[in-house]
Amino acid sequence: MAHEIALADIGVYGLGTMGSALALNFAGKGFSVAVTNREAGWIDDFLNEAPEFVDKMSGYAELADFVQAIKAPRTILFMIPSGKPMDAMIETIKPLLSEGDTIIDGGNADFNETRRRSAELDGTGLHFVGMGVSGGEDGARHGPSMMVGGTAHSWTQLKPMAEAIAAKFEGEPCVDHLGPDGAGHFVKTVHNGIEYADMQMISEIYGLLRDQGGQEPAEIGQMFERWATGPLSSYLIEISGAALQSVDSKTGQPMVDVILDKAGQKGTGRWTLVEALKLGQSASMIEAAVGARGWSSEKDMRVAADPLLEKGAIPAELPTEKDMENAMMAARILGHAQGFRILSSASEEFDWALDMARIAEIWRAGCIIRSSLLDEIAAAFRAELPFDHLILAPAISELLAVSISGLRRVVAVAALTGQPVPALSAALAWHDTMARGRGTANMIQAQRDFFGAHGFERMDVEGKHYGDWNAV
Ligand code: 6PG
């Protein structure tokens, strides 16, 4: 095929949106890149569109030629759909590889599969890396945030290239080796869980302003634009502001008004939730966000139910912009706190020794959830953290203290007026549960023991006890 180069520093398999962008990013940083694709026809098209990298990139239609074109020990990045295609590719490429070579799965993969694939290659001399890549097409091309798992050997190979192409936060690359086997993919999955919650909460505030405030998309967009320059400064608030002010060229209508209110999902939010539950952790805000996407797809049912279900709404004054900004801030903190709690629980379960501060640091630029809050979260993790819980870090609890009443007002107004705010409500419920030394689980224990003699702990005497349920 076109353009022969000296042995390549890295191979990229898969020239879809993300693979192409990453290949160009590597080439732009001076690395030589061998590329290939399942549909060989794409290879020349891709190379022809990047004549500036004629000396840096080389395409191969045959897998064996592609492998031979890469410097050993080889680093081969696969940007293909997760699941069966990855397993099939490992089987196909394995016989062509040599001792010390590394296969990287840069897609969003279920970390359980990544652990299985790593274990299967263990002892073969080949290495498997699960690498989470965040930032969409633009991030991949100009600087993604990357969460790397796998062996130290693979990281030594990959590190200089990954650091060169990564997003930079004050000059520091937003990539690191976070732990063995599935650690990188797990951290990326939780990143996406936090992303789901943040996106859902932004949508809920939009909904309140649209349905209770009667505001037009552009007006709401301008508000997010203002927020993007304050404490909520973040990529998601910024793009929400821009999206709400965009106009559909076909109809002249606001873009968001021509989009059907049904949201799809590829699985990472759900995976976060499933793993959190398996670890005995609450991920109520992520559950709310995943669930809301599910409900959104029941469009016909909702249209039918709208005139049939009495809402019982009670008029209430719309919260102020400051209250809504505070609500978003408090809920964002709580969403991140739930995410980091899942990470520390997984770290313990799988013996990964995840560095929470480092994770927050590599999320400060390049990724979808990048925000100024993450800088404060990173600092909180670098300092002493009471009970290993983000919401108890002094700087974070102070931020919560000034913003929580805003969340309370927004949730209260939404509840009164019949506006659904599942993620914001979940945030408040979790906060209020954690903020009370005395909860109500004594009542749950009483019921369990009453009907099933499950026993309970007493406040005054240690050990397992059974009640005298003689009241009826
Ligand atoms: C990222 C994103 C990305 C994800 C999309 C779509 O970090 O760049 O998380 O990995 O694929 O956001 O995800 P859903 O289709 O599940 O919303």
Side-chain angles (χ1 to χ4, degrees), residues 14 16-22 25 77-83 85-86 104-111 113-114 130-149 162 165-167 169 174-176 178 182 184-204 234-240 243 259-276 283 285-297 332 335-336 339 342-343 359-371 374 423:
T17 311
M18 294 296 281
S20 307
L22 285 167
N25 194 349
L77 171 62
F78 282 86
M79 296 304 297
I80 60 176
S82 74
M86 193 65 227
I104 304 172
D105 175 3
N108 280 331
D110 180 337
F111 92 108
E113 303 267 275
T114 307
M131 178 170 85
V133 180
S134 180
E137 182 183 5
D138 195 55
R141 175 65 186 88
H142 301 289
S145 165
M146 288 170 287
M147 295 137 254
V148 182
I165 66 156
F169 181 85
C174 290
V175 59
D176 217 330
L178 301 175
H185 272 151
F186 189 88
V187 174
K188 174 59 170 51
T189 299
V190 173
H191 163 284
N192 282 26
I194 297 172
E195 170 188 304
Y196 270 54
D198 224 65
M199 290 168 72
Q200 173 64 25
M201 294 181 307
I202 293 171
S203 308
E204 290 173 9
S234 57
Y235 176 70
L236 282 173
I237 292 282
E238 197 183 303
I239 61 159
S240 301
I259 300 177
L260 195 61
D261 53 331
K262 279 167 101 168
Q265 52 185 311
K266 296 201 198 84
T268 44
R270 190 169 54 238
W271 293 339
T272 312
L273 190 59
V274 168
E275 296 308 327
M285 298 173 64
I286 299 166
E287 198 283 328
V290 172
R293 289 201 195 183
W295 294 335
S296 80
S297 62
R332 172 173 281 176
H336 283 70
I342 300 167
L343 288 177
I359 292 169
E361 282 167 6
I362 66 171
W363 286 350
R364 289 178 301 186
C367 70
I368 301 293
I369 63 168
R370 61 187 184 258
S371 70
L374 275 162

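Everything numeric here is computed off the predicted structure, so don't read it as measured data. In each ligand, atom 1 is the first atom listed, and ligand 1 is the first ligand listed.
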Stepwise, does the side-chain contact (heavy atoms from CB on, under 4.5 Å) test hold for Ile359 with His191? CA-CA 10 Å; Ile359 292 169; His191 163 284; over 6 Å; no
Measure the distance from atom 8 (O) of ligand 1 to every protein heavy atom, then report the residue, atom name and distance (to 0.1 Å) of the closest one. Gly135 N, 3.0 Å
Atom 7 (O) of ligand 1: the protein heavy-atom neighbour that sits closest, reported with distance to 0.1 Å: Ser134 OG, 2.5 Å
Beyond-backbone contact of Met199 with Arg293, side-chain heavy atoms, under 4.5 angstrom: yes
Residue and atom name of the nearest protein heavy atom (relative to atom 16 (O) of ligand 1), distance in Å to one decimal: Tyr196 OH, 2.5 Å
Do Val187 and Phe111 make a side-chain contact, defined as non-hydrogen atoms from C-beta onward lying under 4.5 Å apart? no
For Ile368, counting its heavy atoms only, list the atoms of ligand 1 lying under 4.0 Å from any of them. 1 (C), 2 (C), 7 (O), 8 (O)
Taking C-beta and beyond as the side chain, do Met147 and Ser134 meet within less than 4.5 Å on heavy atoms? yes
With no hydrogens and no angle check, is any side-chain donor or acceptor of Arg141 less than 3.5 Å from a backbone partner on Asp138? no
In this structure, atom 12 (O) of ligand 1 is nearest to the protein heavy atom Glu195 OE2, 2.8 Å
Flag side-chain contact, heavy atom, 4.5 Å: Val290 against Gln265: yes
Below 4.0 angstrom from a heavy atom of His191, which ligand 1 atoms are there? Numbered from 1 as shown, please. 7 (O)
I'd like to check which ligand 1 atoms, numbered from 1 as shown, lie under 4.0 Å from a non-hydrogen atom of Lys188. 1 (C), 2 (C), 3 (C), 7 (O), 9 (O), 10 (O)
Nearest protein heavy atom to atom 4 (C) of ligand 1, by residue and atom, and its distance? Asn108 ND2, 3.8 Å
Output, in order, the C-alpha distance, side-chain angles, deciding distance and verdict of side-chain contact (heavy atoms from CB on, under 4.5 Å) for Asp105 and Glu113. CA-CA 11 Å; Asp105 175 3; Glu113 303 267 275; over 6 Å; no
Just need the protein heavy atom nearest to atom 15 (O) of ligand 1, so name the residue and atom and give the distance. Lys266 CG, 3.2 Å
Contacting atoms of ligand 1, where contact means under 4.0 angstrom from a heavy atom of Gly136: 8 (O)
Could you tell me, atom by atom, which parts of ligand 1 come under 4.0 Å of a heavy atom of Arg293? 14 (P), 17 (O)
Hey, does Cys367 sit under 4.0 Å from ligand 1 if you only count heavy atoms? no
Do Asn25 and Pro144 come within less than 4.5 Å of each other through their side chains, counting heavy atoms only? yes
